[in-house]
Enquirer: 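Before we start, here is the structure in question, set down as structure tokens.
Lettering follows sequence order; numbering is per chain, from 1. Side chains are part of it too, since the values below use all heavy atoms of this structure and drop only hydrogens, waters and symmetry mates.
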There are 2 protein chains.
Amino acid sequence: MTLKDLARELGVSTATISNAFNRPDQLSPKLREHILSEARRLGYSGPDARARSLRTGRSRIIAVVLAETLTYSLNDAVASELLSGIAEVLDTRGHTLLLLSGRQNAASVPGASSIADGFIIYGLMPSLTLFSDLPPERPLVAVDFDIEDHATVHVDNEPACYAIARHALRTPTRRPAVINLRLTEQPCNGRIDGDQALLSSKRTITRARLAGFQRAFVEAGIDPAEVPMWNIEENTFEVCTPVIEEILDLPEAERPDLLLCMSDRIALTVVTLAEQRGLRIPEDLRLTGFDGIAEGQYRAPRLTTVRQDSTEKGRIAARMILGMEPAESRVMATEMMIGDTCP
Amino acid sequence: MTLKDLARELGVSTATISNAFNRPDQLSPKLREHILSEARRLGYSGPDARARSLRTGRSRIIAVVLAETLTYSLNDAVASELLSGIAEVLDTRGHTLLLLSGRQNAASVPGASSIADGFIIYGLMPSLTLFSDLPPERPLVAVDFDIEDHATVHVDNEPACYAIARHALRTPTRRPAVINLRLTEQPCNGRIDGDQALLSSKRTITRARLAGFQRAFVEAGIDPAEVPMWNIEENTFEVCTPVIEEILDLPEAERPDLLLCMSDRIALTVVTLAEQRGLRIPEDLRLTGFDGIAEGQYRAPRLTTVRQDSTEKGRIAARMILGMEPAESRVMATEMMIGDTCP
DNA sequence: GCTGCTAACTAAATCGTTCCAGTCCATCCT
DNA sequence: AGGATGGACTGGAACGATTTAGTTAGCAGC
């Protein structure tokens, strides 16, 4: 049952059927009423989206391209919040959300995705080839990384990390350390060498976070090169665990008494594993996180962290894509939250 | 730049271009090579998905219709796991995932969604009108509820809840209680009357869970009608909190010493609020959850719960939609996990 | 009765592909 | 040599809508 069938059945032109569904002012109310009721009766459920999108060039679909696998992103609190902010705005404007993973098979993405009216890219590195394969001429907003000639949204990573590190360093520390997230270019889950990591990194946000930490170290009279660093490859409990065990199981003289973590997931894993070892927080070990996810605030000890409003970040990206606000480069403010893990 | 433009430019037919992209065996390797490289050079990034989907009738897009708002679903661990299972299978088969919310504006869903090749419906009640508006003749799998004439996937809710309640009731209890999740037809966040809730409920899964609990009560010589029940409207910390505070702040003589919770989120909220009140678990209060989410197993006390493999549930639903396995009614097994909250 | 205007509707081109049914030509078989 | 075979490529009709540029019919104004 197509629009054409219906037109023939009712003895009107296809244009009239189309107008009945799309432009009520173009035909008399009673004819429209008649068409709609007959359509229902004959089992015609409105214009086919595929044909419509071909003809009009718009699908009311916005694609979100996620750097990581969908499996990871959907289980990550920060990515989920971002998505829900995006979904919220799209929903109210009658658009829907297509999820694409950039990592799995970048090659196949563009083909499937050229159906979307716009693209929100989250956490990809600019170098990814996928990037250039996206259909040109369609709006594109990058979230959490910078790319030339396109709108971007992210938080003030460097100042935020500077501020929280400064806070942490106000209390004397014998052995501070940093746990980075996906900082290195080559995958590496464990201890890393500072200089090398910084030089090779293209991950702009984690790099900015580290820069903030290091500025605070310098200011506190600590040589950043002396601060031990570890790197975490994926922001999950499972991947964090071995690295953090390695840290916590160091001989007491070498074990850090302050851990600056690049995410709340890392910080929460530290809390869990420290509790298991009978380490007291913050007496034996102080730590800070980043993100401000809900899970970190439910139970004691509440994380000392930087709260970023990922939901709002998603809303902004969505509004930019829909042209509800100017698509320009935008930096969001964060908020430091002093919890129990580093008073 | 369209396929036709490219054909004219290269002096070949459109069919040949199409074949170059879709059916390599239909033309000589060198011509294909030539076409692909010229396409790249001229900025043609492959067949347009909109036109292709009209012509072929397939879009390689599967829609997931979520009963709740997208915002809620994306932040809920169980829904996220389901989605990641779905995404995982779709991804490997070159399909993508369109997210639709059934709750927000059911009316607008069908129009936008008729682009999808198939539908996975999660947690909707059969009565929803949206249901009948979905394009007919396209595969549909229901997850976590039953609907006639369509494939369904869910876990063995009744036996699982019977088993865990039986386990809990082996230790003598003075005042057991049940915290339901979205059991009542009318929204109600607080204490409910047992009979009324059961009679009016169309939520098949929560109803099955309650039935399991009640079977165990009867077997243990407890009159289910005497067991106090509460209802939670949304599976979030914020919505759970006031109800659970009400329960925990009851005079000690009335306060339950065993709480059978219908979700891990509820159980975790109980743990958090009980800790704040200095209640010892399990000495002062024993409790069980349902779902087996990761968050409930990280930190002490680990939840005693029923683990359902939501990721696998998603995988199965996706495989059914893609025709990789027979689309029939399927009940998955669960696994009881004895944690610290109810040894 | 003629003109002009508007509301209501229609005819037909178009969107960018896919794919069926050929056409053409070189090679192979007998 | 003549017919059969098959590989390589083409023409053109769909797919199901939207939209522009009309064509009517009805009516008011003079």
Enquirer: Could B/D48 and B/R55 be called an ion pair, given the rule that one side-chain N must be under 4.0 Å from one carboxylate O?
Expert: no
Enquirer: In terms of side-chain geometry, is the basic nitrogen of B/R182 or B/E68 positioned less than 4.0 Å from the acidic oxygen of its partner?
Expert: yes
Enquirer: May I ask you to decide whether A/E33 forms a salt bridge with A/K30, counting only side-chain N to carboxylate O separations under 4.0 Å?
Expert: no
Enquirer: Would you say A/R315's side chain and A/G85's backbone share a donor-acceptor pair under 3.5 angstrom?
Expert: no
Enquirer: List the residues meeting side chain to side chain donor-acceptor pair (under 3.5 Å) with A/T14, not counting sequence neighbours, and say none if there are none.
Expert: none
Enquirer: Taking side chain to side chain donor-acceptor pair (under 3.5 Å) as the test, write out the residues that go with B/N235, two or more places apart.
Expert: B/D76, B/S263
Enquirer: Between P on C/dA8 and NZ on A/K30, what's the gap in Å once rounded to a whole number?
Expert: 8 Å
Enquirer: Just the rounded figure in Å: distance from P of C/dT6 to CD of A/Q26.
Expert: 15 Å
Enquirer: If you walk 5' to 3' along DNA chain D, what is the first nucleotide with an atom under 4.0 Å of a heavy atom in chain A, and what is the last?
Expert: D/dG16 to D/dT19
Enquirer: Determine to 10° how strongly the helix from C/dG1-D/dC30 to C/dT30-D/dA1 is bent, judged from the axes of its five-pair ends.
Expert: 40°
Enquirer: With a cut-off of less than 4.0 Å, is there a side-chain N or O of A/S28 near OP1 or OP2 of C/dC9?
Expert: yes
Enquirer: If we check side-chain contact (heavy atoms from CB on, under 4.5 Å) with A/F119, which of these qualifies: A/V141, A/V65, A/I321?
Expert: A/V65
Enquirer: Where the side chain of A/S73 meets the backbone of A/L70, is there a donor-acceptor pair that is under 3.5 Å apart?
Expert: no
Enquirer: Per the ring pair (Phe, Tyr, Trp, His ring centres under 6.0 Å) rule, what does the pair list look like for residues 25-53 of chain A, sequence neighbours excluded?
Expert: A/F21-A/Y44
Enquirer: Regarding B/D117 and A/R50, does a basic nitrogen lie under 4.0 Å from an acidic carboxylate oxygen?
Expert: yes
Enquirer: Where along nucleotides 10-23 of chain C does protein come under 4.0 Å, by heavy atom, of base (B) or sugar-phosphate alone (S), with - for untouched nucleotides?
Expert: BBBBBBBBBB----
Enquirer: Over how many whole Å does the gap from A/L27 atom CG to C/dT6 atom C1' extend?
Expert: 16 Å
